[in-house]
Amino acid sequence: MKKNEVQLLLIVFGILALVLSWQLIYRNNQLKTEEINAQNEELKKTVDRLEILNAQKPEYMAETERMKTEGDAIIDSFSSGLKVEDQVMYLYNMELVAANDVRVPNVSLQPAQIIPYAGVLTTEEGYELQDDGMGMFRMETSVGITTTNNGLKNVLNYIYGMDSKKSVSGISLTTTEKGYLTGNMKLDFFYLTGTQTPYAGPDISGVTTGTSNIFGVLNGSAVQSDSGSDAEDGQTDGAEAETEDAVSETQNGGQEAED
């Protein structure tokens, strides 16, 4: 092989080596550099956003605390449980308020129904929010009422002015011959489950809850002879007769004094 041919081959091999080096090393490094630059650009944007958020951190913390306080207040405004006696005592106390001027002749109570949550628990950034396992329930109540015009206004103020959540979903009233309003009111009671507040029953102090003698019978020995019973009956009749004679004499004496 001639010297010129050898030199030509060396030149060709050199060119091939340069091409391969450019393809395998330089081009590969260039692609990696472009990828790293793109990642650095994204990281720079993230750092800038985090720096802005960090600067606003005190404001976000104060706003979060405010929202938590308002959320706790909303939860506290709901009852942590509700039973039939709560509804009865509420309507009983509503009657006792003189300004309400209302009478409740009949009540129809419905079982509690859960209210499904219709909101979204995922933020725009993709964060999942937790509902803490709480559930809202509603107890529909049909209340028969008889009241006056001013009494109806005061009843509505009484219902919406209480701490626990209640709502009037409908009213159907007519005017009686004497000018009173009578009809039905649909009153909804709401309560939450899964809260940290324990259930507290209604205060029934001052309300007659029953009697120890439900049949109104005489107290004493249940085993008595017929003669003993007759004797006791005779004594009772005699005492009643003496009492009636005394009342009659008193009335007659009063009439004679007037004459």
Side-chain angles (χ1 to χ4, degrees), residues 27-87 89-91 93-94 97 99-100 110-141 153-171 185-203 205:
R27 181 59 179 170
N28 190 28
N29 290 340
Q30 187 179 15
L31 293 176
K32 288 184 178 179
T33 301
E34 292 176 354
E35 183 179 353
I36 291 173
N37 289 335
Q39 292 178 355
N40 288 337
E41 190 66 25
E42 291 296 326
L43 290 175
K44 185 177 182 302
K45 293 180 180 179
T46 302
V47 170
D48 293 340
R49 185 172 64 87
L50 292 176
E51 288 179 350
I52 295 174
L53 294 176
N54 187 58
Q56 297 176 343
K57 180 179 178 181
E59 180 182 351
Y60 288 149
M61 292 182 65
E63 186 69 12
T64 301
E65 187 64 25
R66 182 189 66 82
M67 293 176 63
K68 183 179 182 301
T69 302
E70 292 182 356
D72 292 340
I74 293 175
I75 293 175
D76 292 339
S77 66
F78 284 85
S79 301
S80 58
L82 196 66
K83 298 182 179 180
V84 173
E85 50 264 38
D86 294 285
Q87 296 174 280
M89 284 303 303
Y90 178 82
L91 298 175
N93 290 328
M94 186 175 69
V97 178
N100 290 340
Q110 300 296 326
Q113 296 179 348
I114 189 170
I115 301 178
Y117 181 72
V120 179
L121 294 177
T122 304
T123 64
E124 294 180 357
E125 293 80 6
Y127 296 106
E128 292 287 338
L129 303 178
Q130 302 295 327
D131 60 0
D132 297 331
M134 291 189 295
M136 180 184 295
F137 287 81
R138 175 180 61 194
M139 298 181 72
E140 297 181 355
T141 307
K153 297 177 182 178
N154 293 332
V155 165
L156 294 177
N157 289 331
Y158 179 85
I159 293 173
Y160 287 103
M162 299 294 287
D163 294 334
S164 57
K165 293 296 182 180
K166 298 171 184 66
S167 175
V168 177
S169 58
I171 298 179
M185 175 176 62
K186 292 183 179 180
L187 179 60
D188 296 333
F189 292 78
F190 298 90
Y191 68 93
L192 291 177
T193 58
T195 64
Q196 300 298 325
T197 305
Y199 168 76
D203 181 14
S205 59

>> With side-chain contact (heavy atoms from CB on, under 4.5 Å) as the criterion, how do Phe189 and Ser167 come out once you've worked through the C-alpha distance, each side chain's angles and the decisive distance to 0.1 Å?
In response: CA-CA 7 Å; Phe189 292 78; Ser167 175; over 6 Å; no
> When rounded to the nearest 0.5 angstrom, what is the spacing between CG in Asp76 and CG in Leu192?
Replying inline: 10.0 Å
> How many angstroms lie between atom CG of Leu156 and atom CG of Asn100, to the nearest 0.5 angstrom?
Replying inline: 9.5 Å
>> Measuring from atom CD1 of Ile74 to atom NZ of Lys165, what distance do you get when rounded to the nearest 0.5 angstrom?
In response: 7.5 Å
> Looking at NZ of Lys44 and CG of Asn40, how far apart are the two atoms once the value is rounded to the nearest 0.5 Å?
Replying inline: 11.0 Å
> Between Phe78 and Phe137, does a ring pair (Phe, Tyr, Trp, His ring centres under 6.0 Å) hold up when you go through it step by step?
Replying inline: CA-CA 10 Å; Phe78 284 85; Phe137 287 81; over 10 Å; no
> Taking the side chain as C-beta and beyond, is there a heavy-atom pair between Arg49 and Lys45 under 4.5 Å?
Replying inline: no
> Do the side chain of Tyr191 and the main chain of Lys83 share a donor and acceptor less than 3.5 angstrom apart?
Replying inline: no
> At what distance, to the nearest 0.5 angstrom, does CD of Glu85 lie from CD of Gln87?
Replying inline: 9.0 Å
> Using 4.0 Å as the upper bound for N to carboxylate O, is an ion pair formed by Arg66 and Glu63?
Replying inline: yes
> Does a side-chain heavy-atom distance below 4.5 Å link Met89 with Asn93?
Replying inline: yes
>> Applying the side chain to side chain contact (heavy atoms under 4.5 Å, CB included) criterion to Asp188, which one of Lys166, Arg138, Gln110 satisfies it?
In response: Arg138
>> Between Leu187 and Leu91, is there a side-chain heavy-atom distance shorter than 4.5 Å?
In response: yes
>> Quick one, Leu50 with Asn54, criterion side-chain contact (heavy atoms from CB on, under 4.5 Å). Give me CA distance, side-chain angles, the key distance, then yes/no.
In response: CA-CA 6 Å; Leu50 292 176; Asn54 187 58; over 6 Å; no
> Shortest non-hydrogen contact from Ser80 to Pro198?
Replying inline: OG-O, 3.1 Å
> Can you tell me how far the CE atom of Met136 sits from the CD1 atom of Ile115, to the nearest 0.5 Å?
Replying inline: 5.5 Å
